[in-house]
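The structure appears below as structure tokens.
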There are 2 protein chains.
Amino acid sequence: MNIGEASKASGVSPKMIRYYEAGGLIGTAARTASGYRQYTEADLRTLRFVRRTRDLGFSMEQIAQLLGLWRNEGRASADVKRLALSHVEALDAKAAALLEMSRTLRRLAEVCQGDAAAACPIIDEFADGGDVRPSRPRAPDFAPARHRGR
Amino acid sequence: MNIGEASKASGVSPKMIRYYEAGGLIGTAARTASGYRQYTEADLRTLRFVRRTRDLGFSMEQIAQLLGLWRNEGRASADVKRLALSHVEALDAKAAALLEMSRTLRRLAEVCQGDAAAACPIIDEFADGGDVRPSRPRAPDFAPARHRGR
DNA sequence: GATGGGGCTTGCCACCGTGGGAAGGTCAAG
DNA sequence: CTTGACCTTCCCACGGTGGCAAGCCCCATC
């Protein structure tokens, strides 16, 4: 099976299939004499696994771990569960941060007339506003790619 | 004032100050004869405005718009409000997506023993895309129509 | 006035995950 | 044999942020 078919069958774009291969997430695909990647049913299963975990927001690093556990018959389900739950925490934290922003903004918008006049508490807040909290760590959910070594 | 001082006073790193300048978010800073950027109190106000809006998750493009409205005495507060509320929607949507992932994962983790045994419904779901809830009858032979568009 | 250290400059690289596109090879149908 | 769809690799972009390097600049201290 060529990469295009594998893509359709797995829901992962050819681009990403190659990217996952390059990143060691999935194994090096077999090649035809002319260099076309060839995919088997087993490869498709892996690709679908990756897609599902990606859809749940796991990072590639975490997916690599999950794949390892998947293939490891001697795994402890506790390991999987721990990984999953720590991701749940991360997701919740991110969502909470987003909702906090949303709440703040909504509160501001509520007291804005929203008419043709220039006066606007939203802009006022951005301009003068609560700069009270001193140098808290910057926006956590947009945190920089923490350069974890490899 | 040099960029380092401006950074401390505004809570924006020197790196990001330059980046915002390059991206047209903030104006081109004045320079000393030797090329050092110089910042005024007015510049600081702009930087703090940018930081506050970034803390609320606005994109640079949106911040540019907000800055335009801020500086525009003839603005309509309705424009600000519209921008804010559309961002609120985006934030809520993102948060909802995150929480949906979290919910799915938590549901899976709940039915995982989390012990030393290999059996794990979490991994099983990633592998087969099977039904999470054990009480529900299995899907019939035909396609389960899971459709996650991609 | 020399020296040293910290600040500043620009520029490039990295991260993640994804898409776009160019330049070229391959394959199957017409 | 030509055409068009597919494949290959390689580079570029995005949003934001940090790191590092090479090279100036400024000031204080000796």
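Chain identifiers are assigned alphabetically (A, B, ...) following the order of the sequence lines, protein sequences preceding nucleic acid strands; residue numbering begins at 1 within each chain. What you are looking at is a predicted structure, and each value in this text was computed from that prediction instead of being measured.
With sequence neighbours left out, the side chain to side chain donor-acceptor pair (under 3.5 Å) criterion links Thr32(B) to Ser34(B). Asp92(B) is linked by a side chain to side chain donor-acceptor pair (under 3.5 Å) to Ser102(A), Arg106(A), counting only residues two or more places apart in sequence or in another chain.
Distance CD (Gln62(B)) to P (dC14(D)): 17 Å, rounded to an integer number of Å. Rounded to whole Å, the distance from CE on Met60(A) to P on dA14(C) is 15 Å. As a whole-Å value, the separation of Phe58(A) CZ from dG17(C) P is 13 Å. Counting to the nearest Å, the C1' atom of dC27(C) and the CD atom of Gln38(A) are 12 Å from each other. The nearest whole Å value for the distance from the CZ atom in Arg54(A) to the C1' atom in dG17(C) is 6 Å. Between Ile63(B) atom CD1 and dT17(D) atom C1' there is a gap of 14 Å when expressed in whole angstrom units. In this structure, CE of Met16(A) is placed 11 Å from P of dC16(C), rounded to the nearest angstrom. Nucleotide dC10(D) holds its C1' atom 16 Å from the OH atom of Tyr19(A), rounded to whole Å.
Inter-residue side-chain proximity for Glu21(B) and Leu25(B) is flagged as unmet; no heavy-atom pair is nearer than 4.5 Å.
Residue Arg18(A) is in base contact, counting any heavy-atom pair closer than 4.0 Å across all strands shown. Contacts of Ser59(B) with the nucleic acid, taken as non-hydrogen atoms under 4.0 Å apart, involve only primed sugar atoms and P, OP1 or OP2.
Between Arg37(A) and dT8(D) there is a side-chain polar atom (N or O) within less than 4.0 angstrom of OP1 or OP2. For Tyr20(A) and dT18(C), the shortest distance from a side-chain N or O to OP1 or OP2 is below 4.0 Å.
On a pure distance criterion of 3.5 Å, no polar donor-acceptor pair joins the side chain of Lys15(B) and the base of dG7(C). Checked by distance alone, Tyr36(A) brings a side-chain donor or acceptor within 3.5 Å of a matching partner on the base of dG25(C).
Smallest separation of non-hydrogen atoms from Trp70(B) and Ile123(A): CD1-CG2, 3.4 Å.
For the helix from dG1(C)-dC30(D) to dG30(C)-dC1(D), the rotation axes defined at the first and last 5 base pairs enclose an angle of 30°, given to the nearest 10°.
Remark: the Asp43(A) side chain and the Thr46(A) side chain contain no N/O donor-acceptor pair separated by less than 3.5 Å.
At distances below 3.5 Å, at least one donor-acceptor pair connects side-chain atoms of Ser77(A) with backbone N or O atoms of Gly114(B).
Salt-bridge formation is detected for the pair Glu100(A)/Arg103(A): a Lys NZ or Arg NE/NH1/NH2 atom is positioned less than 4.0 Å from an Asp or Glu carboxylate oxygen.
Distances were taken from every side-chain heavy atom of Ser13(B) (C-beta onward) to each of dT10(C), dG17(C), dG18(D); the shortest belongs to dG18(D). When distances run from any side-chain atom of Arg31(B) to the nucleotides dT8(D), dG18(D), dT10(C), the shortest one goes to dT10(C). The side chain of Ser34(A) lies closest to dC27(C) when the candidates are dT17(D), dT9(C), dC27(C).
Expressed to the nearest 0.5 Å, how far CG of Leu56(A) lies from NE2 of His87(A) amounts to 6.5 Å.
Nearest-nucleotide assignment on DNA chain C puts the 5′-proximal partner with Asn2(B), out of Asn2(B) and Ala33(A).
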